[in-house]
Peer 1: 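Got a structure here, written out as structure tokens. Questions coming.
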Amino acid sequence: MNPQSQKVMEILEKHYSGSGTALIYRNSFELLIATILSAQTTDTQVNKITASLFAKYPTPADMAALSEEQLAQEIKGCGLYRNKARNILATVKMLLDEYAGEVPQTREELIRLPGVGRKTANVVLANAFGIPAFGVDTHIFRVANRLALTKSKTPRQTEEQLTGLIRKEKWNAAHHWLIWHGRKICKAQKPLCSDCPVSSLCPGKINKA
DNA sequence: AACTCGGGGCA
DNA sequence: TGCCCAGAGTT
């Protein structure tokens with residue numbers, strides 16, 4: 001790893017550890033559902049929903065028994081909830097039909113599940129199964145390029161580079177820190193560089209002040 | 001490549 | 001109030 005990148009990650013870890021929230025889940029199925037729900041929705045909001053959702057419907061079979069409208073009401077409060085209700089219902093049925101109610105452990109199989117794209121698949125692979133992958137969303141793509149943690153034109157390249165840049169034990173936490181940093185400081189518009197803990201190491205610094 | 005879904009968070 | 005999302009599917 002590039003020593004400069006390692007320094008950046010160390011500072012971010014120290015600065016952001018304990019801040020914000022992470023997804024709450026107890027197993028690969030819960031992580032899969034929580035991650036599908038997290039599209040365009042913050043973790044705090046997802047956690048509000050999943051607390052009762054998983055208590056009432058802990059398994060794919062429990063969830064598959066719901067109607068689309070019932071599930072929609074259960075997850076109301078996250079963005080795009082009608083789409084997600086339809087997708088999650090189709091996903092849990094596919095888990096039952098094709099995977100004996102288990103969550104598959106390859107990217108190809110995960111992406112075939114409705115509502116699961118490359119970002120969600122990677123989060124599940126890494127955090128549920130310890131398989132090298134890094135979920136790259138819009139924030140992480142922007143932050144990694146500005147900080148020159150990666151030099152990539154596509155999220156796919158960012159994903160591959162970050163997977164190698166960060167130790168396996170830190171994937172989950174680093175994923176969280178990078179997104180949090182992107183939301184609060186390294187924003188798409190008008191980033192708050194004067195409040196940024198790694199501003200002195202950032203070649204992409206926009207606000208010189 | 002552009003468009004849609006959608007309630008929440010934040011200015 | 002208005003703007004922008006911790007993406008994925010469809011056209």
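Just so it is clear, the model here is predicted, and its values are computed rather than measured. No hydrogens, no waters, no symmetry mates; every other heavy atom, side chains included, goes into these values. Below, chains carry the letters A, B, ... as their sequence lines are ordered, and counting in each starts from 1.
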Peer 1: Could you tell me how far apart A:R86 (CZ) and C:dG9 (P) are, to the nearest whole angstrom?
Peer 2: 11 Å
Peer 1: For the pair made of CD in A:Q40 and C1' in B:dG9, what is the distance, rounded to whole Å?
Peer 2: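 Atom CD in A:Q40 sits about 13 Å away from atom C1' in B:dG9.
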Peer 1: What's the CD-P distance between A:E159 and C:dG7, to the nearest Å?
Peer 2: 15 Å
Peer 1: Can you see if the side chain of A:K184 gets near the phosphate of B:dC10 - specifically, an N or O under 4.0 Å from OP1 or OP2?
Peer 2: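 The answer is yes; a side-chain N or O of A:K184 sits under 4.0 Å from OP1 or OP2.
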Peer 1: For a side chain to side chain donor-acceptor pair (under 3.5 Å) check, start with the C-alpha distance between A:S152 and A:T154, then their side-chain angles and the critical distance, and finish with the verdict.
Peer 2: CA-CA 6 Å; A:S152 59; A:T154 66; 5.8 Å; no
Peer 1: In whole Å, what is the span from the CD atom of A:Q45 to the P atom of B:dG7?
Peer 2: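 Distance, rounded to whole Å: 12 Å.
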Peer 1: For C:dG7 and A:T41 - does any side-chain N or O of the residue sit under 4.0 Å from the phosphate oxygens OP1/OP2?
Peer 2: no
Peer 1: Would you mind checking if A:R82 and A:E68 are paired as a salt bridge, meaning a charged N to carboxylate O distance below 4.0 Å?
Peer 2: no
Peer 1: Would you mind classifying the nucleic acid contact of A:G79 as base, sugar-phosphate or nothing, using non-hydrogen atoms under 4.0 angstrom?
Peer 2: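 It contacts base atoms.
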Peer 1: Looking only at heavy atoms, what is the nearest atom pair of A:R107 and A:A121, with distance?
Peer 2: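 In terms of heavy atoms, the two residues are closest at CG-CB, 4.3 Å.
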Peer 1: Nearest whole Å is fine: how far is C:dG7 P from A:I75 CD1?
Peer 2: 15 Å
Peer 1: Taking the nucleotide of DNA chain C with the nearest heavy atom to each, does A:D137 or A:G115 sit closer to the 5' end?
Peer 2: A:D137
Peer 1: Would you kindly compare A:L23 and A:L113 by the position of their nearest DNA chain C nucleotide and give the one closer to the 5′ end?
Peer 2: A:L23
Peer 1: Between A:I179 (CD1) and C:dC4 (P), how many Å, whole number?
Peer 2: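 Between P of C:dC4 and CD1 of A:I179: 20 Å.
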Peer 1: What pair of heavy atoms forms the shortest contact from A:L37 to A:K84, and how long is it?
Peer 2: O-NZ, 2.7 Å
Peer 1: Within the structure shown, what part of the strands sits under 4.0 Å from A:T120 by heavy-atom distance: base, sugar-phosphate, or nothing?
Peer 2: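 Here A:T120 touches the backbone only, sparing every base.
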Peer 1: Has A:Y81 got a side-chain N or O lying under 4.0 Å from the OP1 or OP2 atom of B:dG6?
Peer 2: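 The answer is no; no side-chain N or O of A:Y81 sits under 4.0 Å from OP1 or OP2.
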Peer 1: A:R82 near the nucleic acid: base, sugar-phosphate alone, or nothing, with a heavy-atom cut-off under 4.0 Å?
Peer 2: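 It contacts sugar-phosphate atoms only.
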Peer 1: Mind checking if A:V123 touches a base, just sugar-phosphate, or nothing, with heavy atoms under 4.0 Å?
Peer 2: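 It contacts nothing in the nucleic acid.
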Peer 1: Say you pick atom P in B:dG8 and the same atom in C:dG9; how far apart are they, in whole Å?
Peer 2: 23 Å
Peer 1: As a test of reading the structure: which of B:dG9, B:dG6, C:dA8 is closest to the side chain of A:K48, going by heavy atoms?
Peer 2: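 Ranking B:dG9, B:dG6, C:dA8 by closest atom to the A:K48 side chain puts B:dG9 first.
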Peer 1: Expressed in angstrom and rounded to an integer, what is the separation of A:D43 atom CG from B:dG7 atom P?
Peer 2: 20 Å
Peer 1: Determine the Euclidean distance between corresponding P atoms of B:dC3 and C:dC4; express it in Å to zero decimal places.
Peer 2: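 Roughly 15 Å separates the two P atoms.
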Peer 1: Answer whether the closest heavy-atom distance between the side chains of A:K119 and A:S38 falls below 4.5 Å.
Peer 2: yes
Peer 1: Should A:E98 and A:R112 count as an ion pair when the cut-off is N to O under 4.0 Å?
Peer 2: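 A salt bridge is present here (some side-chain N lies under 4.0 Å from a carboxylate O).
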Peer 1: Using whole Å, what does the distance between atom C1' of nucleotide C:dA8 and atom NZ of A:K84 come to?
Peer 2: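 So the two atoms are 10 Å apart, to the nearest Å.
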Peer 1: Rounded to whole angstrom, note down the P distance from C:dG7 over to B:dC10.
Peer 2: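 Nearest-Å result for C:dG7 against B:dC10 at atom P: 16 Å.
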Peer 1: Look at A:N87 and C:dG9 and indicate whether a side-chain polar atom (N or O) is within less than 4.0 Å of OP1 or OP2.
Peer 2: no
